[in-house]
Amino acid sequence: MGKIMHRANICTIFSRLRAAITTVIMTVGLASCQIDLAMPKVCDHNVEILYHYNRENSTTYNVLPSYVHSITEYIFDGDDVLVDWRNVSLDPCENQYYSRHTLDTGRYSVIMWGNCSDINNEVSPAPVKGLTTREELLLSLDSMPDPVDDTHPNGDRLWHGYRTFTVARTGVSKVRVDAVHSHLSLTFRVRWKSAPPAQGTYTVYLEDVGSRAGFMPHLFYPYPGGAHQLHDPLVDDGYSTKSNLIIHHIPRIDHDQHMLDYKTTVVMNGDRELRGEFVTYRICRDSHPVLNIFDSQGNRVVHPDPAKEIDLWKYFDQNVPALNYTLRQEYAIDILVDGDNVWVMPLEVADWEDGGWL
């Protein structure tokens, strides 16, 4: 009986000792955590740039990663001279586009292009750090043309962003760049009132499209829902970089330079209609994109007379008077052919079976 009680006392002592040791370990662990949290963090950068898009103020979320798969950024100093350029990767933890830099104190500007592939586009002149200025840089379509008719396939769904910021002597400067569509998405449906052509494959051309853009903005919207203003690079830092206001910038489009023709191939569907899409650089009110349709034998199927091309300028002039200022150039047109007469009308969303690019 005494041996049993002695063993019980030993077990009790060991149990209490183990609990005490556990308490000490937990206390030390908590203390060490508190010490770690109290230690100052060391940053290896003094500028953090976030690329942002909230679907023209229609959502509170940054949805840019849903639309943009690559970003190239260009940073310029207070004299507008190129400091650096690089590709920006998607942050795997936050699923956002961030870039981090170490820059000298002073004023800077940043310009971004999204979805801008080297295969389809060319930056000119070739960027040189310490030499190239932001005003002279141009982006042009440079995809491989068809050797037969010198046309181009659809381009990239380009995005553009611009912002100025200040780097202080201490701390991290946090910059948000609001991205804007910098491409035209033109979906189309072609139908015939009577006697549609035979089933088969057709080639649709969109001709005389200016395919060059400046890096610098032409217009900007300083306030959500406000009127656009002409961008003045001499006073473009009149807003606070700490502001939460969404600031949209629209790049300059050279509508009468680098004129190119695009083409897409479509198959007539069971309803005897042609459906497709063109993706080009942005257009403006002075643009005169011309649409033509040919069958597999090279015959024009809308107007046999080449002088009667479908000039879309009239359509855009009547239906999109603010073409220069719209933040999203996404349009759907319905082309009705009745003999020698052709009507171009807006295509209702309910009529587009295959959906579109939002």
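All figures in this text were calculated on a predicted structure; none of them were measured in a lab. Starting from 1, each residue takes its place in the sequence as its number.
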Exercise for review: Give the intermediate values and the outcome of side-chain contact (heavy atoms from CB on, under 4.5 Å) for residues Glu56 and His181.
Suggested key: CA-CA 10 Å; Glu56 291 76 48; His181 290 231; 4.1 Å; yes
Review point. Would you say the side-chain atoms of Ser173 pair up with the backbone N or O of Thr166, donor to acceptor, closer than 3.5 Å?
Key: yes
Check your understanding: Among side-chain atoms of Thr102 and Asn46, is any donor-acceptor pair under 3.5 angstrom?
Key -> no
Point to revise | Shared hydrophobic cluster for Val342 and Tyr331 (ILVMFWY, side-chain gaps under 4.5 Å) | key: yes
Exercise for review: Please tell me if the side chains of Leu137 and Ser124 come closer than 4.5 Å, counting only heavy atoms from C-beta onward.
Suggested key: no
Check your understanding: With no hydrogens and no angle check, is any side-chain donor or acceptor of Asp77 less than 3.5 Å from a backbone partner on Asp80?
Key -> yes
Exercise for review: Determine, step by step, whether His231 and His218 satisfy the ring pair (Phe, Tyr, Trp, His ring centres under 6.0 Å) criterion, reporting the C-alpha distance in whole Å, the side-chain angles of both residues, the deciding distance to 0.1 Å, and the verdict.
Suggested key: CA-CA 5 Å; His231 180 262; His218 173 57; 9.3 Å; no
Review point. Can you tell me how far the CG atom of Leu186 sits from the OG1 atom of Thr264, to the nearest 0.5 Å?
Key: 11.0 Å
Review point. Within the side chain of Asp271, is there an N or O that forms a donor-acceptor pair under 3.5 Å with the backbone of Glu273?
Key: no
Exercise for review: Taking the six-membered ring for Trp and the full ring for Phe, Tyr or His, determine whether the centres of Tyr98 and Tyr51 are under 6.0 Å apart.
Suggested key: no
Review point. Which heavy atom of Arg285 sits nearest a heavy atom of Trp313, and at what distance?
Key: O-NE1, 2.9 Å
Check your understanding: Is there a side-chain contact between Tyr202 and Pro197 (heavy atoms, below 4.5 Å)?
Key -> yes
Check your understanding: Transitively linked via ILVMFWY side-chain contacts under 4.5 Å: Met216 with Trp85?
Key -> yes
Review point. Atom CG in Asn319, atom CD1 in Ile333: separation rounded to 0.5 Å?
Key: 10.0 Å
**Study point:** Stepwise ring pair (Phe, Tyr, Trp, His ring centres under 6.0 Å) test for Phe278 and Phe188
**Key:** CA-CA 8 Å; Phe278 285 104; Phe188 62 85; 5.6 Å; yes
Review point. Hey, are the side chains of Val123 and Leu138 touching, using non-hydrogen atoms and a 4.5 Å cut-off?
Key: no
Review point. Just by modelled atom types, is the Val209 backbone N or O under 3.5 Å from a matching donor or acceptor in the Tyr262 side chain?
Key: no
Check your understanding: Can you check side-chain contact (heavy atoms from CB on, under 4.5 Å) on Ile293 and Leu274, steps first, answer last?
Key -> CA-CA 10 Å; Ile293 306 172; Leu274 302 178; 3.9 Å; yes
Check your understanding: Which residue, Gln229, His228, His248, forms the side chain to side chain contact (heavy atoms under 4.5 Å, CB included) with Phe220?
Key -> Gln229
Practice item. Evaluate the criterion ring pair (Phe, Tyr, Trp, His ring centres under 6.0 Å) for residue pair Tyr108 and Phe76; output intermediate values, then yes/no. Key: CA-CA 6 Å; Tyr108 294 86; Phe76 303 86; over 10 Å; no
Check your understanding: Looking just at side-chain N and O atoms, do Asp178 and His52 make a donor-acceptor pair shorter than 3.5 Å?
Key -> yes
Practice item. Carefully, step by step, assess Tyr74 and Phe215 under the rule ring pair (Phe, Tyr, Trp, His ring centres under 6.0 Å). Key: CA-CA 10 Å; Tyr74 300 80; Phe215 270 48; 5.0 Å; yes
Point to revise | Under 3.5 Å donor-acceptor, Tyr281 side chain and Leu158 backbone | key: no
Check your understanding: Do Lys314 and Glu309 sit within salt-bridge range, that is, some charged N less than 4.0 Å from a carboxylate O?
Key -> no
**Study point:** Pairwise side-chain contact, Val190 with Val337, heavy-atom cut-off 4.5 Å (strictly under)
**Key:** yes
Check your understanding: Is any side-chain N of the basic residue among Arg252 and Asp254 closer than 4.0 Å to the acidic one's carboxylate O?
Key -> yes
Review point. Do Arg86 and His101 have side-chain heavy atoms sitting under 4.5 Å apart?
Key: yes
Check your understanding: Under a 4.5 Å side-chain heavy-atom rule over Ile, Leu, Val, Met, Phe, Trp and Tyr, are Leu260 and Val279 clustered together?
Key -> no
Practice item. Please check if the side chain of Thr132 supplies one atom and the backbone of Val128 the other of a donor-acceptor pair under 3.5 Å. Key: yes
Review point. Is there a path from Tyr325 to Val180 through hydrophobic residues (I, L, V, M, F, W, Y) whose side chains come within less than 4.5 Å of each other?
Key: yes
**Study point:** Test item: side-chain donor near acceptor, Asp142 and Asn120, under 3.5 Å
**Key:** no
Point to revise | Min side-chain heavy-atom separation Pro217-Pro251 under 4.5 Å | key: no
Check your understanding: Could you state the interatomic distance from CD1 (Ile283) to CG (Leu312), rounded to the nearest 0.5 Å?
Key -> 7.5 Å
Practice item. State whether a side-chain donor-acceptor pair under 3.5 Å links His152 with Ser143. Key: yes
Exercise for review: Indicate the atoms forming the closest heavy-atom contact of Ala179 with Tyr53, along with that distance.
Suggested key: O-CD1, 3.6 Å
Check your understanding: Hey, are Glu136 and Thr133 close enough side-chain-wise for a donor-acceptor pair under 3.5 Å?
Key -> yes
Practice item. Would you check if the side chain of Asn115 reaches a backbone N or O of His69 as a donor-acceptor pair within less than 3.5 Å? Key: yes
Practice item. Check the hydrophobic clustering (I, L, V, M, F, W, Y; side-chain heavy atoms under 4.5 Å; chains of links allowed) and say if Leu327 and Leu219 are grouped together. Key: yes
Check your understanding: Can you check whether Pro289's main-chain N or O pairs, donor with acceptor, with Ser287's side chain at less than 3.5 Å?
Key -> no
Check your understanding: Under 3.5 Å, is there a donor-acceptor pair between the side chain of Asp79 and the main chain of Val81?
Key -> no
Check your understanding: Would you call the rings of Tyr162 and His249 parallel, tilted or perpendicular if under 30° counts as parallel and over 60° as perpendicular?
Key -> perpendicular
Exercise for review: Identify the two heavy atoms, one from Cys116 and one from Leu139, that lie closest to each other, and give their separation to 0.1 Å.
Suggested key: SG-CD1, 3.6 Å
Check your understanding: Hey, does Asp261 have a side-chain heavy atom less than 4.5 Å from the side chain of Val290?
Key -> no
Review point. Between the side chains of Ser99 and Glu73, is a donor N or O closer than 3.5 angstrom to an acceptor N or O?
Key: yes
Review point. For Arg55 and Glu330, what are the C-alpha separation, side-chain angles and deciding distance, and is it a salt bridge (charged side-chain N to carboxylate O under 4.0 Å, His left out)?
Key: CA-CA 13 Å; Arg55 204 177 292 118; Glu330 296 180 336; over 6 Å; no
Review point. OG1 of Thr60 to CG of Asn54: how many Å apart, nearest 0.5 Å?
Key: 8.5 Å
**Study point:** Lys263/Leu206 under side-chain contact (heavy atoms from CB on, under 4.5 Å): CA gap, chis, key distance, verdict
**Key:** CA-CA 6 Å; Lys263 77 173 178 182; Leu206 188 65; over 6 Å; no
Point to revise | Asn62 side chain to Gln96 side chain, donor-acceptor N/O pair below 3.5 angstrom | key: yes
Practice item. Starting from the C-alpha separation in whole Å, work towards a yes-or-no answer on side-chain contact (heavy atoms from CB on, under 4.5 Å) for Val177 and Phe165. Key: CA-CA 10 Å; Val177 178; Phe165 61 95; over 6 Å; no
Review point. Closest approach of Asp334 and Pro346, non-hydrogen atoms and distance?
Key: CB-O, 4.1 Å
Review point. Any donor-acceptor pair under 3.5 Å linking the side chain of Arg163 with the backbone of Arg176?
Key: yes
Review point. Going by atom types alone, do Asp156 and Ser117 pair a side-chain donor with an acceptor below 3.5 Å?
Key: yes
Point to revise | Val110 side chain reached by Ile49 side chain, heavy atoms, under 4.5 Å | key: yes
Point to revise | Shortest non-hydrogen separation from Leu141 to Gly155 and the atoms involved | key: CD1-CA, 4.3 Å
Point to revise | Residues clustering with Met259 (ILVMFWY side chains joined when closer than 4.5 Å, directly or via others) | key: none
